[in-house]
Each structure stands twice: as structure tokens, then as C-alpha cells.
Trainee: 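One structure follows; several queries about it will come next.
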Amino acid sequence: MSAIRKPDVTTFPTEYNLQHQANSLSGARKKKLLMRRLTTFFVCAAVIGFIMISTLISQSSTLKEKRAEKEKLDGQLVALEKKEADLKDQIAKLNDEEYLAKLARKDLLLSKKGEIIFNIPEKDVKNTTGK
């Protein structure tokens, strides 16, 4: 058995039949247009959603890199602040006459009047256990 065939029925072109056919065609067109609009809307929404998500991911990775760089620079800042404090302390000491004299005696082997300098070499101390 093949597909069921519609019987050939002739319709009279009455006003009701014509109006019913026009309404059927109009409804089909409206449904087709609605599907096109909804499809277009969802495609646009998907594209905008993709763009927003990709932007969010890219900003997140950039933010992570910036945070890592900030931590690194904060560590450098702490080290430089410590070095600055040490240098300020050194400047304060170098302005002191007694410290300069002590430094000159130690490094340059200078002496005060009537002072004798003994240079004693340091010996390596070895642990001699057992002898």
C-alpha cells in the first residue's frame, strides 16, 4: 500500500473558502517570519554571549598576570626600602667623626698618636677529636 491519497475534491469559490485560504496562508507566513526572527535573535544573543565570555576570560588572565607582577614588584620595593634604610644609616654614621676614625683605623691600618697596631692573622680552627 502506498501513501494515502487525498481525494480530489473540488471546492466552490465562495467567500468563506477564499477567506479561509487567505487566513491559512497568512498564518503560515506569520509563523515563518516568527521563526526567522527568533532564530536571528538567538544567533545574535549567542554571538554577544561568546564575545562577553571571551572578554571576561581575557581580562581574568590579564588581571592574574598583573597581580603576579604586583607581588614581584612589592618584594622589590621591600628590598629597596631596606637598602635605603641601610644607606641612610651609613650616611648618618659617616657624618660621625668617631666612626670615621674607627673605620680608618680598621680598613686603612691608620693609628692614633702613640698607638701601636698589631696585625694578627686568623687561624683556621680544626676540630681535632681523637688526638
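We use all heavy atoms of the structure for the numbers below, so side chains are in, but hydrogens, waters and symmetry mates are not. Source: prediction; values computed, not measured.
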Trainee: Would L100 and N95 count as a side-chain contact (heavy atoms from CB on, under 4.5 Å) if you check the C-alpha gap in whole Å, the side-chain angles of each, and the deciding distance to 0.1 Å?
Mentor: CA-CA 8 Å; L100 282 175; N95 287 331; over 6 Å; no
Trainee: Can you measure from NZ (K102) to NZ (K93) and round to the nearest 0.5 angstrom?
Mentor: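 K102 atom NZ to K93 atom NZ measures 8.5 Å (nearest 0.5 Å).
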Trainee: Within the 4.5 Å heavy-atom criterion, are Q76 and K72 side-chain neighbours or not?
Mentor: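 Contact flag for Q76/K72 side chains = yes.
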Trainee: Could you check whether atom CD of E15 has more than 12 heavy atoms from other residues, nucleotides or ligands sitting under 6.0 Å from it?
Mentor: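 No - once you tally the heavy atoms of other residues, nucleotides and ligands closer than 6.0 Å, there are 12 at most.
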Trainee: Are L34 and F41 connected in a single hydrophobic cluster, I mean Ile/Leu/Val/Met/Phe/Trp/Tyr linked by side-chain heavy atoms less than 4.5 Å apart?
Mentor: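 Yes, it is one cluster - the side chains of F41 and L34 are joined through contacts under 4.5 Å.
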Trainee: Can you tell me how far CG of D86 sits from CD1 of I91, rounded to the nearest 0.5 angstrom?
Mentor: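 So the CD1 of I91 and the CG of D86 are separated by 11.0 Å.
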Trainee: Considering only heavy atoms from C-beta outward, does the side chain of T14 approach that of L18 to under 4.5 Å?
Mentor: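 Heavy-atom side-chain distance check fails, nothing below 4.5 Å.
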Trainee: Using salt bridge (charged side-chain N to carboxylate O under 4.0 Å, His left out), reason through D74 and K70 one step at a time and then give a plain yes or no.
Mentor: CA-CA 6 Å; D74 283 343; K70 182 183 181 286; 3.2 Å; yes
Trainee: Roughly how far, to the nearest 0.5 Å, is CG of L94 from CG of L87?
Mentor: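 L87 CG to L94 CG: 10.0 Å, rounded to 0.5 Å.
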Trainee: Taking S26 for its side chain and A22 for its backbone only, find out whether a donor-acceptor pair lies under 3.5 Å.
Mentor: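 Here the side-chain-to-backbone pair does not exist.
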Trainee: Could you tell me the separation between the CD atom of Q59 and the CD1 atom of I57, rounded to the nearest 0.5 Å?
Mentor: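 With rounding to 0.5 Å, CD (Q59) is 11.0 Å from CD1 (I57).
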Trainee: Would you call Q21 and L25 a side-chain contact if the rule is heavy atoms closer than 4.5 Å?
Mentor: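 Contact flag for Q21/L25 side chains = no.
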Trainee: Quick one: does S60's side chain have a donor or acceptor within less than 3.5 Å of a partner on L56's backbone?
Mentor: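 No; judged by distance alone, with no hydrogens or angles, the pair does not exist.
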Trainee: Is it the case that more than 12 heavy atoms not belonging to E98 sit under 6.0 Å from its CD atom?
Mentor: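 At most 12 heavy atoms, drawn from other residues, nucleotides or ligands, come within 6.0 Å of this atom.
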Trainee: What's the separation between atom CD in Q90 and atom OH in Y99, rounded to the nearest 0.5 Å?
Mentor: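 Reported value, rounded in 0.5 Å steps: 5.0 Å.
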Trainee: Got a second to check how far I48's CD1 is from I53's CD1, nearest 0.5 Å?
Mentor: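 The distance works out to 12.0 Å.
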